[in-house]
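Structure record follows, encoded as structure tokens.
Quick note: numbers below take in every heavy atom, side chains included, and nothing from hydrogens, waters or symmetry partners. No experiment lies behind these values; they were computed from the predicted model shown.
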Amino acid sequence: MDILLTVFNYLGLFVFAISGAAAGMRKRADLFGIAVLAFAAACCGGIIRDVLIGSLPPENILSWQPAATSAAAALATVFFYPQLVERFNNPVQVFDAIGLGLFTVLGVEKALDFGIGPVWAVLLGMITAIGGGMLRDILLANLPQVLRGEVYATASILGGSIVVAGHLWPVIPEQYTTVSGAAVCIVLRCLTIKYHWQIPVPRITRK
């Protein structure tokens, strides 16, 4: 299980960093800006989670590996951005969806390890998953995806709930529910992107 979570962590850091760097490329940011956006997208959700649960110093600034992973992803994005666009059309959304699922289950697992209750564990998983993307969008002066009516945080909550359910009712091995939670979140988010599913947005009526 520890190996699985470690793999999820570094894979999540890498893909979220790509989403941040790709967003910077689209906005024509300089190299420093691209590196900052990659780090923000990859690491800041986990930092917020660790501060909230009292895991200090936060894991993502306690060692050099998270920053190095985000820097490597940023460099890879700079060199291969045309290929990413050609292959994925919108690499920001694609890699953001993968990171959303991976970081959701990581956040839930860490919250449960620290004795957080089921409901708040799900919410902390969501915060872990959406925190970096929100900061990325704010730095680029964009309305964060979680506030645009898209099925985004909802996908994270559903994936996190599967992980919590696996802990409360351990019918199958823990690693299976962890993988299932991440997969459900990623698939739901990708379907949302493909079919443009939206959460209803209230209309303002003017008198």
Discussion item. In the structure I gave you, are the side-chain heavy atoms of Lys27 and Asn142 within less than 4.5 Å of one another anywhere?
Written reply: yes
Worksheet item: Would a 4.5 Å heavy-atom cut-off, applied to side chains only, mark Val78 and Ile34 as touching?
Response: yes
Item to complete: Decide side-chain contact (heavy atoms from CB on, under 4.5 Å) for Ile53 and Ile116; before the verdict, give the C-alpha distance in whole Å, the side-chain angles of both, and the deciding distance to 0.1 Å.
Response: CA-CA 8 Å; Ile53 67 177; Ile116 306 297; 4.3 Å; yes
Discussion item. Using side-chain heavy atoms (C-beta onward) and a distance below 4.5 Å, is Leu4 in contact with Val179?
Written reply: yes
Discussion item. Show the nearest heavy-atom pair for residues Ser156 and Thr104, with the distance to one decimal.
Written reply: OG-OG1, 2.7 Å
Discussion item. Taking CG in Asn89 as the centre, count heavy atoms belonging to other residues, nucleotides or ligands within less than 6.0 Å. Is the count above 12?
Written reply: no
Discussion item. With a 4.5 Å cut-off on side-chain heavy atoms, are Val94 and Ile193 touching?
Written reply: no
Worksheet, complete the sentence: Minimal heavy-atom distance between Ala42 and Ser70, with the atoms involved, is CB-CB, 4.2 Å
Worksheet item: Got a sec: does the CD of Glu86 have more than 12 other heavy atoms crowding it under 6.0 Å?
Response: no
Discussion item. Between Ile130 and Val92, is there shared hydrophobic-cluster membership here, with clusters defined by ILVMFWY side-chain heavy atoms closer than 4.5 Å?
Written reply: no
Worksheet item: Got a sec, which residues hit side-chain hydrogen bond (donor to acceptor under 3.5 Å, both in side chains) with Gln65, two or more places apart in sequence or on another chain?
Response: Ser63
Item to complete: Mind jotting down which residue pairs meet the salt bridge (charged side-chain N to carboxylate O under 4.0 Å, His left out) criterion with at least one end in residues 128-157? Sequence neighbours excluded, please.
Response: Asp96-Arg136, Asp137-Arg148, Glu150-Arg189
Practice prompt. Please name the pair of heavy atoms, one in Ala72 and one in Phe14, separated by the smallest distance, quoted to 0.1 Å.
Written response: C-CE1, 4.2 Å
Worksheet entry | Side-chain heavy atoms of Ile3 within contact of Gln175, under 4.5 Å | no
Worksheet entry | Working for side-chain contact (heavy atoms from CB on, under 4.5 Å), residues Thr192 and Tyr152 | CA-CA 8 Å; Thr192 297; Tyr152 190 75; over 6 Å; no
Response to the item:
Smallest heavy-atom separation, Cys43 atom then Asn60 atom, equals O-ND2, 2.9 Å
Item to complete: Please name all residues satisfying side-chain hydrogen bond (donor to acceptor under 3.5 Å, both in side chains) with Asn9, sequence neighbours left out, ordered by chain then number.
Response: none
Worksheet item: Between the side chain of Asp50 and the main-chain N/O of Glu59, is any donor-acceptor distance below 3.5 Å?
Response: yes
Item to complete: Following the transitive rule for hydrophobic clusters with a side-chain heavy-atom cut-off under 4.5 Å over Ile, Leu, Val, Met, Phe, Trp and Tyr, establish whether Leu135 and Leu52 coincide in one cluster.
Response: no
Worksheet entry | Joint hydrophobic cluster, Phe8 plus Ile47, side-chain heavy atoms closer than 4.5 Å | no
Worksheet item: Nearest heavy-atom pair of Pro91 and Ala22: which atoms, and what distance?
Response: CG-CB, 4.2 Å
Item to complete: Give every residue pair that meets the ring pair (Phe, Tyr, Trp, His ring centres under 6.0 Å) criterion with at least one member in residues 47-81, sequence neighbours excluded.
Response: none
Discussion item. Rounded to the nearest 0.5 Å, what separates atom CG in Leu5 from atom OH in Tyr10?
Written reply: 12.5 Å
Worksheet item: What's the spacing between Lys110 NZ and Leu112 CG if we round to 0.5 Å?
Response: 13.0 Å
Fill in: Separation between CZ of Phe39 and CG of Leu13, rounded to the nearest 0.5 Å
9.5 Å
Worksheet item: Of the non-hydrogen atoms in Phe16 and Leu100, which two are nearest, and what is the gap between them?
Response: CZ-N, 3.6 Å
Please output the side-chain donor-acceptor pairs of residues 117-128 that fall under 3.5 Å, not counting sequence neighbours, one pair per line with the distance.
| residue | atom | partner | partner atom | Å |
| --- | --- | --- | --- | --- |
| Thr128 | OG1 | Leu124 | O | 2.7 |

Worksheet entry | Atom pair CE/CG of Met134 and Leu139 - distance to nearest 0.5 Å | 11.5 Å
Fill in: Joint cluster assignment, Phe114 & Val164, ILVMFWY side-chain distance < 4.5 Å
yes
Practice prompt. Applying ring-ring contact (aromatic ring centres under 6.0 Å, His included), name anything that partners Phe95, two or more places apart in sequence or on another chain.
Written response: Phe88
Fill in: Spacing of Leu84 atom CG and Ser19 atom OG [to the nearest 0.5 Å]
11.5 Å
Worksheet item: Got a second to check how far Thr177's OG1 is from Glu109's CD, nearest 0.5 Å?
Response: 6.5 Å
Fill in: Cluster overlap Leu168 with Ile157, hydrophobic side-chain contacts below 4.5 Å
yes
